[in-house]
Protein chains: 2
Amino acid sequence: MLEAKLAEASVLKKLLDAIKELVTDANFECSEEGITLQAMDNSHVALVAVKLVQNGFKKYRCDRPMPLGVNVGSLTKVLKCAKDDDICTLRAADEADVLNLVYEAKNSDRISSYDLKLMDIDAETLGIPKTSYEARIVLSSAEFTRIVRDLSLLGDSVRIEVSKEGVRFASDGEAANGNVLLKGRGPIGKVDRGPQGDDEDEEDGDGVKKEKKHEDDDDEDEAGEEEEGGKKKDKAKVKKEKSDDGDVEMDEDEDEIQPDEDGEEEKEDEEDEDGDGDGKKRKKKSKSSPKPAKKAKTVPSSKSKKGKAKADDGDDDDDEAVIIQMNSHVSLTFSLKYLVNFSKSSNLVKRVELYMSNDVPLLVSYDFGQGYIRYYLAPKIGDD
Amino acid sequence: MLEAKLAEASVLKKLLDAIKELVTDANFECSEEGITLQAMDNSHVALVAVKLVQNGFKKYRCDRPMPLGVNVGSLTKVLKCAKDDDICTLRAADEADVLNLVYEAKNSDRISSYDLKLMDIDAETLGIPKTSYEARIVLSSAEFTRIVRDLSLLGDSVRIEVSKEGVRFASDGEAANGNVLLKGRGPIGKVDRGPQGDDEDEEDGDGVKKEKKHEDDDDEDEAGEEEEGGKKKDKAKVKKEKSDDGDVEMDEDEDEIQPDEDGEEEKEDEEDEDGDGDGKKRKKKSKSSPKPAKKAKTVPSSKSKKGKAKADDGDDDDDEAVIIQMNSHVSLTFSLKYLVNFSKSSNLVKRVELYMSNDVPLLVSYDFGQGYIRYYLAPKIGDD
DNA sequence: TCCGTTATTG
DNA sequence: CAATAACGGA
């Protein structure tokens, strides 16, 4: 038996709007931890993974794991019948063949109830790509949308290149070629966060080599780069790279940046679980407990994003700052069509995270408070 | 000779926008009382009746009745040439074959003049359905629009059911079933207004029977339910039904709720023709002269609507309150396609009134100050 | 109120 | 398959 109450139907509406063109049918896997969905797009080029964590619900109960097979288009229609601020309750009995959605107007007297027919969907085995990456970029989701949309006017694919220069998005088209370079706020750091909410140290990647792995410096000073560590430091520290640039080496494993598989930790970072203060204080925390146990394993967890949003109190519009972390030079080419599609999720949250390693699928992660939506996209073969 | 000057062209523009998809050609019947139009939709399933009352015009003169046959599409085009706030004057000579429309910019120096070719249209005999109903619902026109639009995503038809629970709109579709329940403000009253601006008494319909006719109680207390009677009372009186519920019986004729055929009375109710006070005071009036001469015959006159808007001074957002009046349980099924079309008129006025009786066409009435647009739609046969 | 997207018609 | 109109969203 499932009963999940969302304070605002809008989250669900946005999520389904985001995936409805990618996926036609999918299983919503409900369990004690929350609800997840994983599906390949119809052409099996992209993979979407959605998670709604249990504590993101106003009320959540799921006695035993149950997959709810839904037609995404139908669910989208049903969700269109909800107003954004309606309280939305999902219910499904064990073995039920319908999912019941109830919308209650905040102010009272309208109650709508919808029964969506469920279907059996083969739980296709989805290989979630590797979870550690050579590079991580965090930027405004709106800016990401703009970049891929702009470039999609010129060509079909985009080469994303992370170097000490910053991140470059480049597309070649018949009529014109174009590229966008994002400099990143402060020095380019190698790692920004630990997957579990630990604080990682960073080194700046300014001394990027043209080939992979090299230049990993572990000065935590550079940590200023990380979202939490501190915007404030960034300014002061920019280009504070030690002499170590160029001769760094990190364990492949440890230095890799990886997304947090668990959406829950975010809470900690985000809502100052630490109890040491509000989110902004966290910045302090980062500094205090800075020496990282390990210097890599960055996770794109919601925490990261969240942490950032809050931690970035300091200077200016944090939402606009670009954070670049890189262990080694990365250059990959992707289909813009998919990236444009992914960027629809930007209405869920202000920041998006990109994780990349050469020859490995790109991970585009939108972590919102109550969960995340992540997209994996295989690079085009002939990438430079 | 006709000369009719409207202070704002927008009214006419909206009216024609509303009917242009339903009707291709129609006669504008001009007489001393104003201008009316009645037409069946092309498939003869729905009927539209528009009235612009004489005193809704800034200036009105019509020496003798004259039908002006126009192509609605053409008139719509001509009206698109008017700005919303232009002063719009319609002129037609006796026996003329053109209708002249002049638009004067409020502030001055632009005067546009258009001559629309007229045509002879057979005055088809339109049977306006019965004018008394078992149930009346008044709600936000925007909400009505939303409900029918939402449900139209799921299925082709909607079952509208009025019971003591409230009004339920339900639609079954291939992928999902859905329903919206509106609770109504305060207790469900049987009758709310007399057609002529008389004060009717009401009883609440809480003790509704499953079959028609029954439960008519004449306690004026319940009158609080009516729009004029008073929102204020509603809160206090909710469920104040006397013991009489359940054993009422009303004359079929007298208890029926019917739309006001005359657009003018509204003025009386609305603008305190009685001169005993302003609209709000009217509430008082209702109570003072409560013992109804007759207890039914409710009319959907504009007065009703208007009265409500004003009478509903009390509590909250009157525009959102749902008013339900019912003599007996009603359940009918209608084509959503038409209802969606009707709901285009919601840009004319904030409230819409629905009148229903079993096995009889639904009346959807938008009464704006200067007249009304009403739609009649036959129920689908197999309705429960 | 204007722009973009979607659906319908030719 | 393309163009036009309608509907929905920003």
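Sequence lines set the chain letters: A, B, ... in the order given, protein chains first and strands last, and positions in each chain run from 1.
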- Query: Which of these passes salt bridge (charged side-chain N to carboxylate O under 4.0 Å, His left out) with B/Asp367: B/Arg351, B/Arg374, B/Lys350?
  - Reply: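 That would be B/Arg374.
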
- Would you indicate what A/Lys80 reaches in the nucleic acid, counting non-hydrogen atoms under 4.0 angstrom: base, sugar-phosphate, or nothing?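 If one applies the 4.0 Å heavy-atom cut-off, A/Lys80 turns out to touch nothing in the nucleic acid.
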
- Got a donor-acceptor contact below 3.5 angstrom from the A/Asn27 side chain to the A/Ile121 backbone?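 Judged by distance alone, yes, a pair lies under 3.5 Å.
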
- Okay, side chain of A/Ser141, backbone of A/Val349: is any donor-acceptor separation there less than 3.5 Å?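 The answer is yes, because a donor-acceptor pair under 3.5 Å joins these two groups.
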
- Message: Nearest whole Å is fine: how far is D/dC7 C1' from B/Asn341 CG?
- Response: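 In whole Å, D/dC7 C1' lies 12 Å from B/Asn341 CG.
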
- Message: Strictly below 4.0 Å: does B/Lys344 bring a side-chain N or O up to OP1 or OP2 of D/dA6?
- Response: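 No, because none of the side-chain N or O atoms of B/Lys344 sits under 4.0 Å from OP1 or OP2 of D/dA6.
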
- Query: Looking only at side-chain N and O atoms, does B/Arg149 come under 4.0 Å of OP1 or OP2 in D/dC7?
  - Reply: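 No, outside the criterion.
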
- Query: Under 3.5 Å, is there a donor-acceptor pair between the B/Tyr338 and B/Ser43 side chains?
  - Reply: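 Distance-only check passes for B/Tyr338 and B/Ser43.
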
- Message: Counting neighbours of CZ on B/Arg110 that are heavy atoms of other residues, nucleotides or ligands and sit closer than 6.0 Å, is the number greater than 12?
- Response: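 Yes, enclosed.
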
- Message: Does anything in residues 7-22 of chain B come within less than 4.0 Å of DNA chain D? Heavy atoms only, and list the residues if so.
- Response: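 Nucleic-acid contacts, sorted: B/Lys20, B/Glu21.
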
- Query: Who pairs with A/Phe57 by ring-ring contact (aromatic ring centres under 6.0 Å, His included), at least two apart in sequence or on another chain?
  - Reply: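 ring-ring contact (aromatic ring centres under 6.0 Å, His included) list for A/Phe57, sorted by chain: A/Tyr60.
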
